[in-house]
Amino acid sequence: MYVCLCHGITDKAIAKAVREDGIGSTRELRAKLGVGSQCGRCIQMAQDIIDTTIIDE
Ligand code: FES
């Protein structure tokens, strides 16, 4: 599912960035994938995915 429509970033891509690149915040995610750098509507969902991915580990 697409989380960030502005940049075409999926939930899987975010979870992968958390697992493989150690991304732990939306600020880091924005720097790496651009998530949240345009309209910002995806930030809350991106945060939720970061949180659940970290908890699942
Ligand atoms: Fe992510 Fe617009 S949907 S910045």
Side-chain angles (χ1 to χ4, degrees):
M1 147 190 92
Y2 282 104
V3 173
C4 181
L5 292 176
C6 294
H7 294 284
I9 306 295
T10 62
D11 55 343
K12 286 196 174 73
I14 293 172
K16 184 168 181 272
V18 172
R19 284 201 197 94
E20 296 181 9
D21 303 319
I23 298 294
S25 69
T26 51
R27 188 173 54 79
E28 292 170 351
L29 196 60
R30 183 170 56 235
K32 174 145 183 75
L33 298 177
V35 171
S37 62
Q38 279 191 35
C39 74
R41 270 183 238 143
C42 54
I43 300 258
Q44 186 58 55
M45 194 181 290
Q47 181 68 63
D48 290 347
I49 293 166
I50 291 170
D51 292 344
T52 51
T53 304
I54 290 172
I55 289 167
D56 282 351
E57 285 182 346

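Computed from a prediction, not measured in an experiment: that's the story for all the values here. Just so you know, ligand 1 is whichever comes first in the structure, and atom 1 is the first atom listed for that ligand.
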Sequence neighbours excluded and cut-off under 3.5 Å, please list the side-chain donor-acceptor pairs for residues 3-13, or say none.
| from | atom 1 | to | atom 2 | distance (Å) |
| --- | --- | --- | --- | --- |
| H7 | NE2 | G34 | O | 3.0 |
| H7 | NE2 | S37 | OG | 2.9 |
| T10 | OG1 | A13 | N | 3.1 |
| D11 | OD1 | M1 | N | 3.2 |

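Criterion: ILVMFWY side-chain heavy atoms under 4.5 Å apart, direct or through other members. Under it, L33 and I43 are not part of a common hydrophobic cluster.
Residues V35 and T26 are not in side-chain contact: their nearest non-hydrogen atoms beyond the backbone lie 4.5 Å or more apart. Taking 4.5 Å as the limit, some side-chain heavy atom of I54 sits within range of a side-chain heavy atom of V18.
Among protein heavy atoms, atom 3 (S) of ligand 1 sits closest to L5 N, 3.3 Å.
Near C6, the atoms of ligand 1 lying under 4.0 angstrom from a non-hydrogen atom of the residue are 2 (Fe), 3 (S), 4 (S). Set against the non-hydrogen atoms of C4, the atoms of ligand 1 under 4.0 Å away are 1 (Fe), 3 (S), 4 (S). Proximity to G40 (heavy-atom distance under 4.0 Å) selects the following atoms of ligand 1: 2 (Fe), 4 (S). For ligand 1, the atoms closer than 4.0 angstrom to any heavy atom of Q38 are 4 (S). Taking a cut-off of under 4.0 Å to the non-hydrogen atoms of G36, the atoms of ligand 1 that pass are 1 (Fe), 4 (S).
Among the backbone and side-chain atoms of C39, an N/O/S atom is found under 2.8 Å from atom 2 (Fe) of ligand 1. At least one N/O/S atom of C42, whether from backbone or side chain, sits less than 2.8 Å from atom 1 (Fe) of ligand 1.
Between L29 and A17, the closest heavy-atom pair is CD1-CB, 4.2 Å.
Put simply, the side chain of E20 never gets that close to the backbone of K16: no donor and acceptor are under 3.5 Å apart.
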